[in-house]
Amino acid sequence: MKRLVASIAICVLVITGCAVATPSLGRIVPAAAWTDSILNEPPCAPDSDLRLLAGQGKVVALTFDDGPGPYTGQLLDELAARDAKATFFIFAEKITGDNAFLVRRMAQEGHCVGSHTYHHARLTTLTNSQIWQEMDLADRAIAQAAGSPPQLMRPPFGAYDQRVIDACGKPVILWSLDTRDWELHDPETVCRNILDFVQDGDIILLHELALSSKDGVVAAIDILMEDGYSFVTVPELFQLRGIPLEAGKHYHDARQAGNNCEYSGEESGNVSQG
Ligand code: NI
């Protein structure tokens, strides 16, 4: 209870801009000039710079589903100001107009761009060939925007089974910490849910739909950076822990004693909106 009260207080202070100590923002990284060089880079290649060395401390992967959304540009600005990297599972039907530039910006700024299917489909209800079609449509749209096709998949609604895992042809990335941001729409609760439950090696589920998600996660990032946490992409997180990401498998986290597992037939449906 003591920890809970403290985290409520600190989330309120940070979100309202009243924190006594100004959180360190880390190394400021200017947005790189757009070039075509990214087209030649392997997608989601783990960064070999200091972040991986720094990652010998506590590391987590922030993941954002359902974007791009109206606050994606602001979120990318906040992440860049903190040198924090994230993984975006793109709702590929949304890649039109300015959203295409946001997806390209994600890739260009060192984030990992993953697939959340084309139509945000509930894959467990589809045939194998329909699953392949969803994946293929999303791959093409994301590749056109980001410069390379996505290497990871998060199933919409968190709905998956071993057939879906096999049919989608990519590593399936679930999560170990659900912020419930999709239902709560309150930045203090989003922040507090992260601070109260975060563990080294977590994959944290967020969405690109609401301002409250952005404000809540940014407040949590500042507090966790003070506590020695680094924010890396999903491939970087697993590389740091020496765990290969393979098609045909699914992953919940990269904790030291992780709960990644073979599909047991018990997990589908025990999840939030994904
Ligand atoms: Ni979703």
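Excluded from the calculations below are hydrogen atoms, water molecules and symmetry mates; all remaining heavy atoms, backbone and side chain alike, are included. Whatever order the structure lists them in is the order used to number ligands and atoms, beginning at 1.
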* Structure fact -> Of all the N, O or S atoms in Asp66, the one nearest to the Ni ion (ligand 1) is OD1
* **Residue pairs passing the salt bridge (Lys or Arg N to Asp or Glu O under 4.0 Å) test where at least one lies in residues 165-176, sequence neighbours excluded** => Asp139-Lys170
* To do: Could you please spell out the steps behind the ring pair (Phe, Tyr, Trp, His ring centres under 6.0 Å) verdict for Phe91 and His120?
  => CA-CA 6 Å; Phe91 185 162; His120 202 270; 5.2 Å; yes
* Asked: What is the name of the N/O/S atom in His116 that sits closest to the Ni ion (ligand 1)?
  -> NE2
* **N/O/S atom of Asp65 inside 2.8 Å of the Ni ion (ligand 1), strictly under** => no
* To do: Could you tell me whether the Ni ion (ligand 1) has an N, O or S atom of His120 under 2.8 Å away?
  => yes
* Structure fact -> Across all chains, not counting sequence neighbours, the ring-ring contact (aromatic ring centres under 6.0 Å, His included) partners of Phe88 are Phe64, His111
* When you look at Asp202 and Ser176, which way does the side chain to side chain donor-acceptor pair (under 3.5 Å) test go after all the steps? -> CA-CA 6 Å; Asp202 268 342; Ser176 49; 2.7 Å; yes
